[in-house]
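In the text below, chain A, chain B and the rest are named by the order of the sequence lines, each starting its count at 1.
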2 protein chains.
Amino acid sequence: MATLKDVAKKAGVSVATTSYVMNGSKLITEETKEKVLAAAKELGYRPNGNAKNLKKNKTHIIGFFLSGFTGPFFNELLEGIQVTVIKNGYEMVVCASDDKHRLLLEQYVDGAIILNYHIADELLDSLASEKFPLVVLDRDLENPHISQVLLPNKHGMKQVVDHLVEEGHQRIGFIAGSEESFDGESRLEGFKESLATRGLSFDKKDLLRADFTEISGLLCMKEYLDKEADYPTAFVSANDEMAMGAIKAVQQKGMKVPEDIAFTGFDDIDLSRYFHPSLSTVCVQKKQWGRIAAETLFHMLEKKHAVAEEEITIEFIPRESSLKGVMRD
Amino acid sequence: MATLKDVAKKAGVSVATTSYVMNGSKLITEETKEKVLAAAKELGYRPNGNAKNLKKNKTHIIGFFLSGFTGPFFNELLEGIQVTVIKNGYEMVVCASDDKHRLLLEQYVDGAIILNYHIADELLDSLASEKFPLVVLDRDLENPHISQVLLPNKHGMKQVVDHLVEEGHQRIGFIAGSEESFDGESRLEGFKESLATRGLSFDKKDLLRADFTEISGLLCMKEYLDKEADYPTAFVSANDEMAMGAIKAVQQKGMKVPEDIAFTGFDDIDLSRYFHPSLSTVCVQKKQWGRIAAETLFHMLEKKHAVAEEEITIEFIPRESSLKGVMRD
DNA sequence: TTGTATGCGTTATCAA
DNA sequence: TTGATAACGCATACAA
């Protein structure tokens with residue numbers, strides 16, 4: 001691989017001059033500039049980012065670290081971050097990691113956005129610094145160099161519970177995901193709190209545990225229906241997929257949704273509108289989430305533009321799965 | 001940020017020794033090792049990847065470069081690559097770029113997988129080398145250091161056309177995506193070739209151009225129906241989203257799918273089964289695609305394990321949208 | 001306007 | 001078993 005030195009030699013100038021040319025310095029004469037550029041082109045010169053970063057102690061890259069590429073729909077979230085990152089003249093790399101987190105540790109990026117439960121709080125706490133700010137999307141962390149950009153899960157759950165209570169439900173069950181999920185658990189908390197506010201009680205046996213997948217929702221609901229004699233008239237699920245699985249289980253038992261049991265989901269994935277019955281759920285603006293996360297990071301990174309104290313937009317969307325006899329199409 | 005030198009000083013040994021300890025050399029006594037590790041821990045030492053990469057001229061990172069995070073469903077594809085990359089002891093970074101391609105150019109990665117029409121053939125051609133192999137998923141390129149791992153689009157289209165002809169269709173239209181898409185265009189070609197093989201003709205006016213989105217499919221079909229007096233009895237779409245949009249346009253005109261016009265899609269996105277009518281489509285094993293792409297890259301990178309001459313699995317799935325009076329559920 | 005020289009943090013060669 | 005040191009490719013302070 002051709003280096004600056006090679007280009008310099010070929011152009012008959014010094015390395016410094018070559019470097020100046022490459023960085024567009026105004027001091028260089030048009031003539032030398034052309035010579036150098038020609039030499040660079042001929043040799044197929046490409047700058048070495050590692051050397052550059054090492055020298056400048058700055059990469060102009062931010063990292064987005066997630067736990068894996070399956071699971072929730074990251075597309076919009078990623079898009080929201082990407083757009084903002086480019087707007088700030090940086091690049092983004094996305095990477096999944098489950099134990100080493102090498103790319104997070106070895107100073108490849110100037111800052112990072114975290115949505116990865118594999119990464120321990122303690123690690124993030126020790127990593128964050130003035131020069132290496134972090135934004136977390138999946139935990140509560142007290143640290144001057146870590147900002148949180150969290151979904152208003154409890155706010156969403158309040159809307160769900162309000163809706164169900166208005167529909168006349170008194171006993172409402174909950175389908176939770178894995179306990180490792182921050183959003184999942186805060187949805188559960190929000191649910192309980194909203195029930196309490198309404199003066200309704202929640203029986204532990206109406207709390208089902210699954211793992212956010214459709215099949216897990218189906219299985220845990222099947223087991224529940226087999227075991228229990230009487231059921232809640234409605235179930236709230238921590239995400240859409242599990243709600244869909246649970247609905248299938250209910251239907252397989254010969255019962256009807258929402259007539260026998262009503263359901264609500266969370267996230268508003270594309271499928272929700274097309275599912276039968278269409279799924280009542282909470283629409284989350286993931287792209288906005290990504291934008292705000294990135295903006296928050298750049299604020300810490302460059303101390304410019306004030307922090308937008310903006311809450312992520314969330315909206316309950318009633319559909320067939322929780323509306324008795326309405327909205328059939 | 002603490003460096004090896006800092007750790008060395010604190011531990012009272014040389015930088016070299018410290019480096020050995022960090023890299024787990026067997027030559028170091030247990031005693032010095034502990035001293036060094038303790039010092040490193042106390043200082044919160046983290047290796048500097050840029051310095052390491054610069055020195056070793058190797059990053060153990062491969063890059064996956066795509067055009068954006070919206071659009072097709074990348075999740076499975078990404079997962080397929082990720083799993084294989086980890087299995088080979090590397091890390092993967094995913095990045096979207098539309099003009100500078102800095103991360104691709106500046107030697108941050110040891111090799112790359114490309115699915116990004118923004119990157120010109122010429123650039124890839126000049127970049128690829130023994131030390132920097134490339135795998136392309138979206139183009140045909142003749143270069144000893146670039147491997148292609150392409151979807152069997154034509155094979156899939158043959159199955160689609162076979163099916164439609166068996167269903168009795170003679171005049172079949174096509175909904176194409178943007179011309180920049182390699183897969184889209186090769187699906188169109190495959191479609192035309194299969195028609196020709198069957199002895200069927202294809203009228204240019206039955207070729208609609210959209211951009212892979214559902215709304216574009218709806219709009220172009222609406223326009224077509226308004227303009228033309230008689231229609232094909234079936235339309236093949238280059239992807240699922242456009243097919244769904246087009247179906248809506250037909251339904252809005254008061255016509256029935258598949259009775260008046262049948263439709264097929266391509267990709268088998270989740271929604272296809274839930275759409276009404278459920279969409280006949282071609283299921284593409286995207287995870288397998290990712291795995292093969294990564295394996296191919298590692299083959300070039302490390303000259304080990306033979307190249308699997310494996311074609312990506314593709315299967316036509318007939319559903320309601322192209323079956324007359326069958327499979328209603 | 002251009003060149004010389006230094007150092008970024010690490011690895012690895014060689015010597016001790 | 002450990003230490004001194006050169007080198008990786010580049011940017012930049014300073015000199016010319």
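- Extent of DNA chain D lying under 4.0 Å from chain A heavy atoms, first and last nucleotide in 5' to 3' order, is D/dG9 to D/dC14.
- Two end axes, each from the C1' atoms of five base pairs, can be drawn for the helix from C/dT1-D/dA16 to C/dA16-D/dT1; they diverge by 40°, to 10 degrees.
- Every side-chain hydrogen bond (donor to acceptor under 3.5 Å, both in side chains) that B/D125 has, sequence neighbours left out, goes to B/N143.
- Listed by first then second residue, pairs satisfying salt bridge (Lys or Arg N to Asp or Glu O under 4.0 Å) with a partner in residues 9-23 of chain A read A/K10-A/E42, not counting sequence neighbours.
- A distance of 15.0 Å separates NZ of A/K287 from CD1 of A/I312, quoted to the nearest 0.5 Å.
- Taking CG from B/L54 and CG from B/N48, the interatomic distance works out to 9.5 Å, rounded to the nearest 0.5 Å.
- Near DNA chain D, defined here as any heavy-atom distance below 4.0 Å, the residues from residues 36-45 of chain A are A/Y45, listed numerically.
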Show which side-chain atoms of residues 90-97 of chain A pair as donor or acceptor with protein atoms under 3.5 Å away, not counting sequence neighbours.
{"residue": "A/Y90", "atom": "OH", "partner": "A/K58", "partner atom": "NZ", "Å": "2.8"}
{"residue": "A/Y90", "atom": "OH", "partner": "A/E302", "partner atom": "OE2", "Å": "3.1"}
{"residue": "A/S97", "atom": "OG", "partner": "A/H101", "partner atom": "ND1", "Å": "2.8"}

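- For DNA chain D, the neighbouring residues in residues 3-17 of chain A, judged by any heavy atom under 4.0 Å, are A/T3, A/L4, A/A16.
- A donor N or O paired with an acceptor N or O is not found under 3.5 Å between the base of C/dT10 and the side-chain atoms of B/Y20.
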message: Run the side-chain hydrogen bond (donor to acceptor under 3.5 Å, both in side chains) test on A/N50 and B/Q107 for me, step by step, so that the C-alpha distance in whole Å, both residues' side-chain angles and the decisive distance to 0.1 Å come before the verdict.
response: CA-CA 7 Å; A/N50 286 302; B/Q107 306 170 59; over 6 Å; no
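- Within residues 21-32 of chain B, the residues that have a heavy atom under 4.0 Å from DNA chain D are, in order of number, B/L27, B/I28, B/T29, B/T32.
- Expressed to the nearest 0.5 Å, how far NE2 of A/H145 lies from CG of A/L301 amounts to 11.5 Å.
- Remark: side-chain polar atoms of A/Q82 are not paired, donor with acceptor, to backbone N or O of B/G68 under 3.5 angstrom.
- In terms of polar N and O atoms assigned as donor or acceptor, the side chain of B/K52 never comes within less than 3.5 Å of the base of C/dT10 in a complementary pairing.
- For A/R139, the salt bridge (charged side-chain N to carboxylate O under 4.0 Å, His left out) partners two or more places apart in sequence, or in a different chain, are A/D121.
- Interatomic distance, A/S178 OG to A/E180 CD, rounded to the nearest 0.5 Å: 4.5 Å.
- For B/N153, the side chain to side chain contact (heavy atoms under 4.5 Å, CB included) partners at least two apart in sequence or on another chain are B/L151, B/D183, B/S186, B/R187, B/F266.
- Applying the salt bridge (Lys or Arg N to Asp or Glu O under 4.0 Å) test to every pair with at least one member in residues 12-32 of chain B, sequence neighbours left out, gives no pairs at all.
- Residues satisfying the salt bridge (charged side-chain N to carboxylate O under 4.0 Å, His left out) criterion with A/K52, sequence neighbours excluded, are B/E106.
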